[in-house]
Participant: 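Before I ask anything, let me first share the structure, which is written out below as structure tokens.
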There are 2 protein chains.
Amino acid sequence: MSSAGRSLDGGSQVQVAAAAKGIPEATIARLPVYLRALTSLADRGIDTISSGALAEAAGVNSAQLRKDLSYLGSYGTRGVGYDVEYLRFQIGREVGSAHEWPVIIVGLGNLGTALANYSGFTSRGFRVVAMVDPSPDLIGKRIHGVAITDLADLEEEVARTGAAIAVLATPAEAAQAVADRLVYLGVTSILNFAATVLAVPDGVNVRKVDLGQELQILAYHEQRKSDDVQRELERGGTAQ
Amino acid sequence: MSSAGRSLDGGSQVQVAAAAKGIPEATIARLPVYLRALTSLADRGIDTISSGALAEAAGVNSAQLRKDLSYLGSYGTRGVGYDVEYLRFQIGREVGSAHEWPVIIVGLGNLGTALANYSGFTSRGFRVVAMVDPSPDLIGKRIHGVAITDLADLEEEVARTGAAIAVLATPAEAAQAVADRLVYLGVTSILNFAATVLAVPDGVNVRKVDLGQELQILAYHEQRKSDDVQRELERGGTAQ
DNA sequence: AGAAGTTTGTGAACGGTTGCACAAACTCCG
DNA sequence: CGGAGTTTGTGCAACCGTTCACAAACTTCT
């Protein structure tokens, strides 16, 4: 049924329609990281950088960085390195920050509101063009000049703004119903913050971000650390 | 990533049982998902479930689920399935939701505040025991009964609460400096929402959540979809 | 009790990802 | 201009994660 692409990072799952272009999923997930590192470098006036230095800034192995970039093309110069501005342009084009993506946010509780205010979206080529929520207390409120409208008007809002990307920050119970409506309206990418697994048809991409889950993964490692110490202490008198 | 597996301590022959336990990182990342699915099932009064049904609820392949669980032990019964309550207990114990983890949040802008209010933390065994921020406007404010204190008092707060897990929701510029202080104070797990790569010593676990990055990954696929349509049109429109 | 049906647990094959190691392509310097 | 030094791009091998497929262990039915 649903053939799912794979992720190595527990934080998110992607369902990919096809791997047409042939850039590995793992590489795609790292492109935004490179992009941010490059932007930071450009801001500091650096105009050329080696794979080693860029890799360190991005927190990856330098061979990995070079291989990743090689999927996009040969944008470096041997003996020199990469031109920061040029590489930034190329990766940006690939990732799609060339044009500005209209985004709709559904659910404006604490998290949704924080996301609406989040500057990291705008700075990376996304514009929040619509926000919907069922609560009368929120409808009409404005964030960065955009008014929150009724969840009931979801259909109109999507049609009006042409958003193809939606951010879901509703309670878990409401998420699937909203997702169904979004998919029906032609939305093909969903960033899901709700604590539930969404079922969507092929061709729709879903990435899940679950904040509690991230903490639990950390807690696992944390616990293992204390377990180790525990074992260490016990290994003084007792035979295992 | 810098998953710990090295000797944390030069001193004694620590030879950590870390790798000894040998649960793959990918499996660990899925355990919280299973846990949530099980909780939901328990709430609905279901007390036994097959790997197939649980896998569907968790959005994974059933063989994968069984293999994942097999790393923890043999908690199922052939011909029957898994006892929901028992399995939930076992996974919970493994993940560390047995005891309650104290968490400190650094940075209470929009995102940090949303996280402080996020119910998904408390419901999964985490308690926000301290919140720090440098802004005078925020210091003294209370969220769920806990007062925000000055970032300058970070040292005292960590010592007082014994938090080993920190959530970083500061601007990117401040993140590394805060992380250094946290690590120095003995914090060994950091959930990083700041848009920067943190450098930390071995033995410290960092998980990064970058909201903009997630959207960019979606945008990549979104763009490829339109590229495909474009090519399709140029070719004279043969439906694939 | 035995046969038929169900479901787990896991060995083995497969496919994707990572990292090494090195030739190729460039710069710099004498 | 040639040799020394630098850095990219990539074939290759090791590794990790996923999925298949099937024996083992259980339930149910006759």
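Below, all heavy atoms of this structure are taken into account, side chains as well, without hydrogens, waters or symmetry copies. Letters go in sequence order (proteins before strands), and every chain restarts at 1.
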Participant: What are the two closest heavy atoms between A/Leu115 and A/Phe193, and how far apart are they?
Facilitator: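 That would be CD1-CE1, 3.6 Å.
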Participant: Measure from CD on B/Glu25 to P on D/dC15 and round the result to the nearest Å.
Facilitator: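 Going from B/Glu25 (CD) to D/dC15 (P), I get 18 Å.
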Participant: Between atom CG in B/Leu65 and atom P in C/dT7, what is the gap in whole Å?
Facilitator: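 So the CG-P distance, B/Leu65 to C/dT7, works out to 14 Å.
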Participant: Just to verify, what does A/Val183 make a side chain to side chain contact (heavy atoms under 4.5 Å, CB included) with, not counting sequence neighbours?
Facilitator: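 Side chain to side chain contact (heavy atoms under 4.5 Å, CB included) list for A/Val183, sorted by chain: A/Ile190, A/Val200, A/Pro201, A/Val204.
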Participant: Nearest of C/dG9, D/dG17, C/dG19 to any side-chain atom of A/Gln64?
Facilitator: C/dG19
Participant: Rounded off to whole Å, could you give me the CG-to-C1' distance for the B/Asn61 and D/dC20 pair?
Facilitator: 9 Å
Participant: Does C/dT18 have its OP1 or OP2 closer than 4.0 Å to a side-chain nitrogen or oxygen of A/Arg30?
Facilitator: yes
Participant: Mind listing the N/O atom pairs, protein and nucleotides 12-15 of chain C, below 3.5 Å?
Facilitator:
unit_1, atom_1, unit_2, atom_2, d
C/dA12, N6, B/Lys67, NZ, 3.1

Participant: Mind checking what makes ring pair (Phe, Tyr, Trp, His ring centres under 6.0 Å) contact with A/Tyr220, not counting sequence neighbours?
Facilitator: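 In terms of ring pair (Phe, Tyr, Trp, His ring centres under 6.0 Å), with neighbours along the sequence ignored, A/Tyr220 is linked to no residue.
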Participant: For C/dG9, take OP1 and OP2 only and decide whether either is under 4.0 Å from a side-chain N or O of B/Tyr82.
Facilitator: yes
Participant: When you check every protein heavy atom under 4.0 Å of nucleotides 25-30 of chain C, what one-letter string (B, S, -) results, 5' to 3'?
Facilitator: BBS---
Participant: Which whole-number value in Å describes the distance from A/Ile23 CD1 to C/dG16 P?
Facilitator: 15 Å
Participant: Can you pull out the residues from residues 43-51 of chain B that lie within a 4.0 Å heavy-atom distance of DNA chain C?
Facilitator: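 Those residues are B/Ser50, B/Ser51.
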Participant: Tell me: CG of A/Leu54 to P of D/dT6, nearest whole Å?
Facilitator: 20 Å
Participant: On a heavy-atom basis, which atom in A/Ala172 and which in A/Ala195 lie closest, and how many Å separate them?
Facilitator: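 Answer, listing the atom of A/Ala172 first, then A/Ala195: CB-O, 3.9 Å.
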Participant: Give one of base, sugar-phosphate or nothing for B/Tyr75, where a contact means two heavy atoms less than 4.0 Å apart.
Facilitator: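 Sugar-phosphate: the residue B/Tyr75, judged by heavy atoms under 4.0 Å, touches backbone atoms but no base.
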Participant: Would you mind reading off the distance between A/Glu56 atom CD and D/dT7 atom P, rounded to a whole angstrom?
Facilitator: 14 Å
Participant: Could you pull out all residues at least two apart from A/Phe89 that satisfy ring pair (Phe, Tyr, Trp, His ring centres under 6.0 Å)?
Facilitator: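 Here no residue qualifies.
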